[in-house]
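Below is one structure, written out as structure tokens, with a few remarks after it.
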Amino acid sequence: MFKLPKLVALTAVVAVSSFSYTAPANAEDQLAVSICEYIAADDKNRLRSKLKSSRVKIRNIYDAVQCNGNNLLRHAVASNAVDTGEYIVKNLSKSALADGADIAWAEGNFASSPLIAVIKDRAGL
């Protein structure tokens with residue numbers, strides 16, 4: 001006699017929980033989101049702290065992480081994040097900047113950015 005209401009209640013709980021389930025966030029995706037947010041906010045200290053706590057180097061993730069379709073340096077230029085942009089440039093190898101693609105992109109889109117001089121100096125151009 002009490003089995004039908006319990007069955008209905010159990011079915012309702014299962015149905016609601018199946019609709020409200022969300023997959024857990026991937027740790028790598030969360031790291032990338034945090035890095036992009038810290039660059040956009042020009043928060044060099046939090047960026048450094050996040051990289052250090054994650055045991056990750058800018059050089060190792062530079063090609064893999066995209067922020068709004070841009071690499072980390074271009075995202076810094078677009079966000080006018082001078083401090084974090086300089087930090088990124090200093091932690092990249094000269095060969096990563098030597099092709100001049102980031103410089104050409106920055107000069108074409110953000111000609112007044114102070115990061116252009118920093119990139120040129122590091123690349124030796």
Side-chain angles (χ1 to χ4, degrees):
M1 180 146 71
F2 291 107
K3 290 184 180 184
L4 185 58
K6 288 181 181 179
L7 181 62
V8 171
L10 181 63
T11 304
V13 169
V14 170
V16 170
S17 65
S18 66
F19 291 120
S20 64
Y21 174 75
T22 57
N26 188 350
E28 293 174 1
D29 294 340
Q30 186 59 43
L31 176 63
V33 168
S34 295
I35 289 170
C36 293
E37 288 175 354
Y38 296 150
I39 290 171
D42 199 17
D43 194 343
K44 182 176 87 171
N45 291 332
R46 290 185 76 185
L47 176 63
R48 289 178 65 215
S49 176
K50 186 67 169 178
L51 291 169
K52 188 173 182 175
S53 68
S54 301
R55 297 181 181 175
V56 176
K57 293 184 179 184
I58 291 275
R59 290 178 185 219
N60 298 336
I61 62 167
Y62 181 71
D63 293 328
V65 175
Q66 297 284 312
C67 303
N68 296 332
N70 294 321
N71 64 30
L72 300 178
L73 184 55
R74 290 180 182 189
H75 184 60
V77 171
S79 301
N80 197 26
V82 178
D83 290 338
T84 55
E86 287 180 8
Y87 175 74
I88 293 167
V89 169
K90 289 177 182 177
N91 285 285
L92 289 175
S93 64
K94 290 181 182 181
S95 62
L97 301 170
D99 65 356
D102 291 324
I103 297 169
W105 179 87
E107 288 176 335
N109 296 307
F110 301 93
S112 63
S113 176
L115 287 173
I116 295 172
V118 175
I119 300 168
K120 285 182 178 180
D121 184 47
R122 175 74 175 157
L125 301 174

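We number each residue from 1, following the sequence as shown. Because the structure is a prediction, the values reported are computed rather than measured.
- Taken to the nearest 0.5 Å, the OH atom of Y38 stands 13.0 Å off from the SG atom of C67.
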Candidate pair L51 and I61, rule side-chain contact (heavy atoms from CB on, under 4.5 Å), full reasoning: CA-CA 10 Å; L51 291 169; I61 62 167; 4.0 Å; yes
Please tabulate, for side-chain N and O atoms in residues 81-88, each donor-acceptor pair with protein atoms closer than 3.5 Å (sequence neighbours left out).
{"from": "T84", "atom 1": "OG1", "to": "D42", "atom 2": "OD1", "distance (Å)": "3.4"}
{"from": "T84", "atom 1": "OG1", "to": "A81", "atom 2": "O", "distance (Å)": "3.4"}

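- Note on residues 107-125: pairs passing salt bridge (charged side-chain N to carboxylate O under 4.0 Å, His left out), not counting sequence neighbours, are E107-K120.
- No side-chain donor-acceptor contact under 3.5 Å links S49 to the backbone of N45.
- Nearest approach of R46 to D43, heavy atoms of both residues: CD-OD2, 2.8 Å.
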How far apart are the C-alpha atoms of Y62 and L73, what are their side-chain angles, what is the distance that settles it, and do they pass the side-chain contact (heavy atoms from CB on, under 4.5 Å) test? CA-CA 8 Å; Y62 181 71; L73 184 55; 3.6 Å; yes
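- Evaluation of the side chain to side chain donor-acceptor pair (under 3.5 Å) rule for E37 yields no partner, not counting sequence neighbours.
- Remark: the backbone N or O of A106 is not paired with any side-chain donor or acceptor of R74 at under 3.5 angstrom.
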Please walk me through it: do L47 and I35 pass side-chain contact (heavy atoms from CB on, under 4.5 Å)? CA-CA 6 Å; L47 176 63; I35 289 170; 3.9 Å; yes
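- Scanning for side chain to side chain contact (heavy atoms under 4.5 Å, CB included) contacts around K57 gives N60, with sequence neighbours left out.
- Checked against ring pair (Phe, Tyr, Trp, His ring centres under 6.0 Å), F110 has the following partners two or more places apart in sequence or in another chain: W105.
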N68 and C36: CA distance, side-chain angles, deciding distance, side-chain contact (heavy atoms from CB on, under 4.5 Å) verdict: CA-CA 9 Å; N68 296 332; C36 293; over 6 Å; no
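- Remark: of the listed residues V77, D102, V65, D102 is the sole one forming a side chain to side chain contact (heavy atoms under 4.5 Å, CB included) with N71.
- Applying the salt bridge (charged side-chain N to carboxylate O under 4.0 Å, His left out) rule to K94 yields no partners; only residues at least two apart in sequence or on another chain are considered.
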